[in-house]
Amino acid sequence: MPIIVNLDVMMAKRKIRSKELAEELGITEANLSILKTGKAKAIRFSTLEAICKILECQPGDILEFTHE
Amino acid sequence: MNKLKIIQFIIGITGILILTGMVVIIVVVLTTPKGAFLDVTEPHWEITSENLKEDIRSLLPASDEPIILHPDNINMSLQTDAGFRIMNIALMLIVAGYMILILQIFKNIVKDVRNRIPFNCNNIKRVNRIGLLVTVAPLVEWTLHTIMSLWINSRFQFDSLKLESNLALGWPVLILGLLIIVLGVAFEQGEKIQEESELTI
(Lines give C-alpha, C1' and ligand atoms only; values in the text may rest on other atoms or scores of the structure.)
Protein backbone atom coordinates (compact mmCIF):
# COMPACT_ATOMS: atom_id res chain seq x y z
CA MET A 1 0.00 0.00 0.00
CA PRO A 2 1.49 3.39 -0.94
CA ILE A 3 0.45 4.99 2.38
CA ILE A 4 2.66 3.90 5.27
CA VAL A 5 1.43 4.38 8.83
CA ASN A 6 4.30 5.25 11.16
CA LEU A 7 2.23 5.08 14.33
CA ASP A 8 4.64 2.64 15.97
CA VAL A 9 7.49 5.09 15.58
CA MET A 10 5.55 7.98 17.08
CA MET A 11 4.22 5.81 19.91
CA ALA A 12 7.78 4.76 20.75
CA LYS A 13 8.90 8.42 20.73
CA ARG A 14 6.10 9.40 23.08
CA LYS A 15 6.52 6.21 25.11
CA ILE A 16 2.88 5.28 24.99
CA ARG A 17 1.58 1.72 24.81
CA SER A 18 -1.06 0.38 22.42
CA LYS A 19 -3.56 -0.31 25.17
CA GLU A 20 -3.23 3.21 26.56
CA LEU A 21 -3.47 4.86 23.16
CA ALA A 22 -6.48 2.75 22.16
CA GLU A 23 -8.27 3.70 25.38
CA GLU A 24 -7.58 7.39 24.87
CA LEU A 25 -8.68 7.19 21.24
CA GLY A 26 -11.82 5.29 22.16
CA ILE A 27 -11.10 2.44 19.79
CA THR A 28 -10.30 -1.20 20.43
CA GLU A 29 -6.74 -2.51 20.51
CA ALA A 30 -7.65 -4.70 17.55
CA ASN A 31 -8.56 -1.63 15.49
CA LEU A 32 -5.42 0.15 16.59
CA SER A 33 -3.44 -2.88 15.49
CA ILE A 34 -5.18 -2.76 12.10
CA LEU A 35 -4.06 0.84 11.80
CA LYS A 36 -0.49 0.20 12.94
CA THR A 37 0.03 -2.77 10.63
CA GLY A 38 -1.18 -0.91 7.54
CA LYS A 39 -4.25 -3.10 7.06
CA ALA A 40 -6.67 -0.21 7.42
CA LYS A 41 -8.35 0.97 4.23
CA ALA A 42 -9.21 4.41 5.56
CA ILE A 43 -8.85 6.61 8.60
CA ARG A 44 -11.42 9.10 9.78
CA PHE A 45 -10.30 12.70 10.24
CA SER A 46 -11.67 12.51 13.79
CA THR A 47 -9.37 9.58 14.54
CA LEU A 48 -6.38 11.29 12.92
CA GLU A 49 -7.12 14.45 14.89
CA ALA A 50 -7.30 12.49 18.14
CA ILE A 51 -4.00 10.70 17.40
CA CYS A 52 -2.26 13.96 16.62
CA LYS A 53 -3.61 15.52 19.84
CA ILE A 54 -2.55 12.60 22.02
CA LEU A 55 0.86 12.09 20.41
CA GLU A 56 1.41 15.83 19.91
CA CYS A 57 2.40 15.45 16.31
CA GLN A 58 1.37 16.31 12.77
CA PRO A 59 -0.52 14.02 10.34
CA GLY A 60 2.67 13.90 8.27
CA ASP A 61 4.47 12.32 11.23
CA ILE A 62 2.00 9.46 11.20
CA LEU A 63 1.30 9.05 7.47
CA GLU A 64 3.89 8.74 4.74
CA PHE A 65 3.40 8.28 1.01
CA THR A 66 5.75 6.13 -1.03
CA HIS A 67 5.71 5.21 -4.69
CA GLU A 68 5.19 1.45 -4.98
CA MET B 1 -35.98 -8.84 13.16
CA ASN B 2 -39.66 -9.83 13.43
CA LYS B 3 -39.85 -9.82 9.65
CA LEU B 4 -37.02 -12.32 9.52
CA LYS B 5 -38.63 -14.53 12.15
CA ILE B 6 -41.84 -14.56 10.12
CA ILE B 7 -39.92 -15.39 6.96
CA GLN B 8 -38.03 -18.20 8.71
CA PHE B 9 -41.34 -19.54 9.96
CA ILE B 10 -42.83 -19.43 6.46
CA ILE B 11 -39.77 -21.18 5.04
CA GLY B 12 -40.07 -23.86 7.69
CA ILE B 13 -43.76 -24.40 7.08
CA THR B 14 -43.27 -24.48 3.33
CA GLY B 15 -40.55 -27.10 3.69
CA ILE B 16 -42.77 -29.22 5.89
CA LEU B 17 -45.68 -28.90 3.46
CA ILE B 18 -43.48 -29.90 0.52
CA LEU B 19 -42.11 -32.93 2.38
CA THR B 20 -45.56 -33.93 3.59
CA GLY B 21 -47.03 -33.53 0.13
CA MET B 22 -44.20 -35.58 -1.31
CA VAL B 23 -44.78 -38.41 1.18
CA VAL B 24 -48.53 -38.36 0.61
CA ILE B 25 -48.15 -38.48 -3.17
CA ILE B 26 -45.61 -41.31 -2.97
CA VAL B 27 -47.92 -43.27 -0.69
CA VAL B 28 -50.91 -42.66 -2.97
CA VAL B 29 -48.98 -43.65 -6.09
CA LEU B 30 -47.53 -46.76 -4.47
CA THR B 31 -50.73 -47.93 -2.81
CA THR B 32 -53.04 -47.35 -5.75
CA PRO B 33 -54.07 -50.84 -6.85
CA LYS B 34 -52.54 -51.97 -10.11
CA GLY B 35 -54.92 -51.24 -12.92
CA ALA B 36 -56.66 -48.38 -11.12
CA PHE B 37 -56.69 -44.99 -12.80
CA LEU B 38 -54.95 -41.88 -11.52
CA ASP B 39 -55.73 -38.39 -12.81
CA VAL B 40 -53.04 -36.61 -14.78
CA THR B 41 -53.60 -32.85 -14.94
CA GLU B 42 -50.57 -31.99 -17.04
CA PRO B 43 -49.95 -32.64 -19.84
CA HIS B 44 -53.46 -32.60 -21.25
CA TRP B 45 -54.98 -33.31 -24.65
CA GLU B 46 -56.05 -30.50 -26.94
CA ILE B 47 -58.66 -31.05 -29.57
CA THR B 48 -57.18 -30.14 -32.93
CA SER B 49 -60.17 -31.02 -35.09
CA GLU B 50 -62.60 -28.13 -35.59
CA ASN B 51 -65.35 -30.60 -36.48
CA LEU B 52 -64.89 -32.41 -33.20
CA LYS B 53 -64.92 -29.09 -31.32
CA GLU B 54 -68.15 -28.11 -33.03
CA ASP B 55 -69.71 -31.47 -32.28
CA ILE B 56 -68.88 -31.11 -28.60
CA ARG B 57 -69.93 -27.44 -28.52
CA SER B 58 -73.34 -28.42 -29.85
CA LEU B 59 -73.81 -30.68 -26.85
CA LEU B 60 -72.98 -27.94 -24.34
CA PRO B 61 -75.83 -26.06 -22.64
CA ALA B 62 -76.99 -23.13 -24.72
CA SER B 63 -77.07 -19.74 -23.09
CA ASP B 64 -78.37 -16.27 -23.91
CA GLU B 65 -75.59 -14.78 -21.82
CA PRO B 66 -72.64 -13.11 -23.60
CA ILE B 67 -70.39 -16.13 -23.18
CA ILE B 68 -68.97 -18.78 -25.47
CA LEU B 69 -67.74 -22.09 -24.11
CA HIS B 70 -64.72 -23.62 -25.83
CA PRO B 71 -64.30 -27.38 -25.57
CA ASP B 72 -60.59 -27.28 -26.35
CA ASN B 73 -58.99 -29.42 -23.65
CA ILE B 74 -59.43 -32.95 -22.45
CA ASN B 75 -57.89 -34.20 -19.23
CA MET B 76 -56.91 -37.81 -18.74
CA SER B 77 -56.50 -40.52 -16.18
CA LEU B 78 -53.83 -43.14 -16.68
CA GLN B 79 -53.88 -46.72 -15.56
CA THR B 80 -51.24 -47.34 -12.89
CA ASP B 81 -48.46 -49.67 -13.79
CA ALA B 82 -44.80 -49.86 -12.79
CA GLY B 83 -43.73 -47.38 -15.45
CA PHE B 84 -46.37 -44.84 -14.46
CA ARG B 85 -45.49 -45.13 -10.80
CA ILE B 86 -41.78 -44.72 -11.46
CA MET B 87 -42.36 -41.74 -13.77
CA ASN B 88 -44.65 -40.00 -11.29
CA ILE B 89 -42.45 -40.55 -8.27
CA ALA B 90 -39.27 -39.58 -10.11
CA LEU B 91 -40.75 -36.33 -11.43
CA MET B 92 -42.20 -35.49 -8.06
CA LEU B 93 -38.90 -36.16 -6.28
CA ILE B 94 -37.08 -33.89 -8.74
CA VAL B 95 -39.58 -31.05 -8.27
CA ALA B 96 -39.74 -31.42 -4.49
CA GLY B 97 -35.95 -31.74 -4.23
CA TYR B 98 -35.52 -28.61 -6.34
CA MET B 99 -37.84 -26.60 -4.13
CA ILE B 100 -36.34 -27.91 -0.90
CA LEU B 101 -32.85 -27.05 -2.15
CA ILE B 102 -33.91 -23.46 -2.82
CA LEU B 103 -35.61 -23.24 0.57
CA GLN B 104 -32.55 -24.62 2.37
CA ILE B 105 -30.24 -22.09 0.72
CA PHE B 106 -32.73 -19.32 1.49
CA LYS B 107 -32.94 -20.47 5.13
CA ASN B 108 -29.15 -20.18 5.51
CA ILE B 109 -29.19 -16.67 4.08
CA VAL B 110 -31.92 -15.59 6.48
CA LYS B 111 -29.96 -17.13 9.39
CA ASP B 112 -26.89 -15.04 8.55
CA VAL B 113 -28.97 -11.90 8.14
CA ARG B 114 -30.54 -12.55 11.57
CA ASN B 115 -27.03 -12.89 13.00
CA ARG B 116 -26.16 -9.52 11.43
CA ILE B 117 -23.57 -10.95 9.03
CA PRO B 118 -25.43 -10.67 5.73
CA PHE B 119 -22.55 -9.72 3.48
CA ASN B 120 -20.16 -12.63 3.36
CA CYS B 121 -18.70 -14.94 0.71
CA ASN B 122 -21.11 -17.75 1.57
CA ASN B 123 -24.19 -15.58 1.16
CA ILE B 124 -22.92 -14.21 -2.13
CA LYS B 125 -22.59 -17.77 -3.42
CA ARG B 126 -26.00 -18.68 -1.96
CA VAL B 127 -27.79 -15.75 -3.58
CA ASN B 128 -26.13 -16.51 -6.92
CA ARG B 129 -27.12 -20.16 -6.58
CA ILE B 130 -30.76 -19.31 -5.84
CA GLY B 131 -30.77 -16.85 -8.72
CA LEU B 132 -29.52 -19.53 -11.07
CA LEU B 133 -31.96 -22.15 -9.78
CA VAL B 134 -34.92 -19.79 -10.12
CA THR B 135 -33.81 -18.55 -13.56
CA VAL B 136 -33.57 -22.07 -14.98
CA ALA B 137 -36.71 -23.32 -13.19
CA PRO B 138 -38.95 -22.65 -16.23
CA LEU B 139 -36.50 -24.61 -18.37
CA VAL B 140 -36.48 -27.47 -15.86
CA GLU B 141 -40.28 -27.43 -15.77
CA TRP B 142 -40.43 -27.51 -19.56
CA THR B 143 -37.95 -30.41 -19.62
CA LEU B 144 -39.95 -32.44 -17.12
CA HIS B 145 -43.20 -31.76 -19.00
CA THR B 146 -41.52 -32.78 -22.24
CA ILE B 147 -40.28 -36.04 -20.71
CA MET B 148 -43.78 -36.79 -19.42
CA SER B 149 -45.31 -35.89 -22.80
CA LEU B 150 -42.85 -38.06 -24.70
CA TRP B 151 -43.59 -40.98 -22.37
CA ILE B 152 -47.36 -40.59 -22.79
CA ASN B 153 -47.10 -40.02 -26.55
CA SER B 154 -45.01 -43.15 -26.90
CA ARG B 155 -47.95 -45.12 -25.56
CA PHE B 156 -51.01 -43.24 -26.76
CA GLN B 157 -51.88 -41.35 -29.91
CA PHE B 158 -55.31 -40.11 -30.93
CA ASP B 159 -56.54 -38.59 -34.13
CA SER B 160 -57.80 -35.05 -33.62
CA LEU B 161 -56.01 -34.78 -30.27
CA LYS B 162 -52.61 -33.32 -29.50
CA LEU B 163 -50.77 -33.52 -26.20
CA GLU B 164 -50.02 -30.09 -24.73
CA SER B 165 -48.64 -28.69 -21.49
CA ASN B 166 -49.60 -25.53 -19.66
CA LEU B 167 -46.41 -24.42 -18.05
CA ALA B 168 -46.98 -22.74 -14.70
CA LEU B 169 -43.62 -20.98 -14.62
CA GLY B 170 -42.61 -18.59 -17.34
CA TRP B 171 -41.34 -15.12 -17.96
CA PRO B 172 -42.21 -13.75 -14.49
CA VAL B 173 -40.14 -16.47 -12.82
CA LEU B 174 -37.28 -15.91 -15.27
CA ILE B 175 -37.31 -12.17 -14.49
CA LEU B 176 -37.45 -12.97 -10.77
CA GLY B 177 -34.40 -15.20 -11.17
CA LEU B 178 -32.52 -12.45 -12.97
CA LEU B 179 -33.50 -10.01 -10.22
CA ILE B 180 -32.05 -12.39 -7.64
CA ILE B 181 -28.82 -12.62 -9.65
CA VAL B 182 -28.64 -8.82 -9.62
CA LEU B 183 -29.13 -8.95 -5.85
CA GLY B 184 -26.16 -11.31 -5.75
CA VAL B 185 -24.07 -8.61 -7.41
CA ALA B 186 -25.41 -6.13 -4.86
CA PHE B 187 -24.36 -8.52 -2.08
CA GLU B 188 -20.84 -8.60 -3.54
CA GLN B 189 -20.72 -4.83 -3.52
CA GLY B 190 -22.16 -4.85 -0.02
CA GLU B 191 -19.39 -7.15 1.13
CA LYS B 192 -16.77 -4.76 -0.22
CA ILE B 193 -18.48 -1.78 1.43
CA GLN B 194 -18.69 -3.69 4.70
CA GLU B 195 -15.03 -4.62 4.53
CA GLU B 196 -14.10 -1.00 3.90
CA SER B 197 -16.28 0.10 6.75
CA GLU B 198 -14.71 -2.45 9.10
CA LEU B 199 -11.23 -1.38 8.04
CA THR B 200 -11.96 2.33 8.45
CA ILE B 201 -10.56 3.38 11.82
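Proteins come first, then strands; the chains are lettered A, B, ... in the order of their sequence lines, and each starts at number 1.
- Paired with I201(B) under the rule side chain to side chain contact (heavy atoms under 4.5 Å, CB included), one option of L32(A), I34(A), V5(A) passes, and it is I34(A).
- A distance of 12.5 Å separates CG in L199(B) from CD1 in I43(A), rounded to the nearest 0.5 Å.
- Atom CG of L59(B) sits in a crowded spot, with more than 12 heavy atoms from other residues, nucleotides or ligands closer than 6.0 Å.
- Considering only residues two or more places apart in sequence or on other chains, F9(B) meets the ring-ring contact (aromatic ring centres under 6.0 Å, His included) condition with none of them.
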So between chain B and chain A, what donor-acceptor pairs come in under 3.5 Å?
{"from": "L199(B)", "atom 1": "O", "to": "K41(A)", "atom 2": "N", "distance (Å)": "2.8"}
{"from": "L199(B)", "atom 1": "O", "to": "A42(A)", "atom 2": "N", "distance (Å)": "3.4"}
{"from": "T200(B)", "atom 1": "O", "to": "R44(A)", "atom 2": "NH1", "distance (Å)": "3.4"}
{"from": "I201(B)", "atom 1": "N", "to": "A42(A)", "atom 2": "O", "distance (Å)": "3.0"}
{"from": "I201(B)", "atom 1": "O", "to": "R44(A)", "atom 2": "N", "distance (Å)": "2.9"}
{"from": "I201(B)", "atom 1": "O", "to": "T47(A)", "atom 2": "OG1", "distance (Å)": "3.1"}

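- By the neighbour-count criterion of 12 heavy atoms within 6.0 Å, atom OH of Y98(B) is densely surrounded, having more than that number from other residues, nucleotides or ligands.
- Within a 6.0 Å sphere centred on CE of M99(B), heavy atoms belonging to other residues, nucleotides or ligands number 12 at most.
- Within a 6.0 Å radius of CZ in F65(A), more than 12 heavy atoms belonging to other residues, nucleotides or ligands are found.
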